[in-house]
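In what follows, a single structure is set out as structure tokens and then discussed.
Chain letters run A, B, ... following the sequence lines, proteins first and then strands; every chain starts at 1.
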There are 2 protein chains.
Amino acid sequence: MLNQSPSLDRVFHALADPTRLALVERLGRGAAPVSALAEPLAMSLPAVLQHLNVLEGAGLVRSEKRGRVRTCALQTEALDRLDAWLAAQRSEWEQRLDRLTAYLDALGDADA
Amino acid sequence: MLNQSPSLDRVFHALADPTRLALVERLGRGAAPVSALAEPLAMSLPAVLQHLNVLEGAGLVRSEKRGRVRTCALQTEALDRLDAWLAAQRSEWEQRLDRLTAYLDALGDADA
DNA sequence: CGATTGGTTAAGCATATGCCTAACTAATCG
DNA sequence: CGATTAGTTAGGCATATGCTTAACCAATCG
């Protein structure tokens, strides 16, 4: 059962760990088998596996097994969705004529 | 001690929770006092406070207290940093002439 | 001043996370 | 076939997270 489009907070969650962030950055430079990904990390293979599973569950990584080697690659669509969210956020608060003014307004409301 | 520029994975961590994500989206539509932020959420005020503290610790939210009211606002710089990271990632993997080919290459390496 | 309102702190609890080691499976290699 | 090699599963443990309730402080309001 492939996870088609995990919720955004799941994507964020997947990126919320330094090891996983490093894995994503590493995979951004090209696909690699599990053991190659694990090599520079100061932790056991099973631990790396778990991280990869989280990334895969969030739709950030896709992997395929050939013989006894599992090759992993970035699935950029997930990052696209992240980008889309950011853009939406930005358009929202950039629409406000003057954010700072609104903020000070809210702050000074009780001030008279 | 204000956290000047929290690490990226801390920002991701802050956004990795549905409640906090909702808070950020809400704040994107304008600054608001704590109780107003808490109102639509099905949880106690202290819980909301904790979430806000996480967001503030990650540099995503700034707040100021006037009288007995704490007003919170989005700190968009943190989102900018996120955007910058995404752009960097993208430029990295878009540089590769043909990602798919590279992936299949890696996959088929043992294939002959 | 006393009551209310808005927020904050503290303590505790259930679950989730990140990691490890040990044991096991599957694909090559000799 | 037997020995590696690559990955996977299982079980367990220590810490982190998200939430709750109870108690508390500070700024208004009457």
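Between A:Ser35 and D:dG7 there is a side-chain polar atom (N or O) within less than 4.0 angstrom of OP1 or OP2. B:His13 has no side-chain polar atom (N or O) that falls below the 4.0 Å cut-off from OP1 or OP2 of D:dA16. Phosphate contact (OP1/OP2 of C:dG18, side-chain N/O of A:Arg20, threshold under 4.0 Å): present. Look at B:Arg70 and you'll find a side-chain N or O under 4.0 angstrom from OP1 or OP2 of C:dT8. For C:dC20, one of the phosphate oxygens OP1 or OP2 lies less than 4.0 angstrom from a side-chain nitrogen or oxygen of A:Ser44.
Heavy atoms of B:Ala47 sit under 4.0 angstrom from at least one base atom.
With D:dT8, C:dG7, D:dT17 as the candidates, the nucleotide lying closest to the side chain of A:Lys65 is D:dT8. The side chain of B:Pro46 approaches D:dT20 more closely than any other nucleotide in the set C:dG7, C:dA22, D:dT20. For B:Met43, whose side chain is taken as the heavy atoms from C-beta onward, the closest listed nucleotide among D:dG7, D:dC19, D:dT17 is D:dC19. Comparing atom distances between the B:His51 side chain and each of D:dG18, D:dT21, C:dT8 picks out D:dG18 as nearest. Considering only the side chain of A:Pro33, D:dG7 comes nearest among D:dG7, C:dT8, C:dT17.
At a cut-off of 3.5 angstrom, the base of D:dA27 holds at least one donor-acceptor pair with the side chain of B:Arg68.
Look at CG on B:Leu49: it is 8 Å from P on C:dG7, rounded to the nearest Å. Atom CG in A:Asp9 sits roughly 15 Å away from atom P in C:dA16 (whole-Å rounding). Here the P atom of nucleotide D:dT17 and the CG atom of B:Leu55 are 14 Å apart, to the nearest Å.
A salt bridge does not link B:Asp9 with A:Arg20: every distance from a Lys NZ or Arg NE/NH1/NH2 to an Asp or Glu carboxylate oxygen is 4.0 Å or more.
Nearest-nucleotide positions on DNA chain D place A:Ala36 closer to the 5' end than the other of A:Ala36 and B:Thr19.
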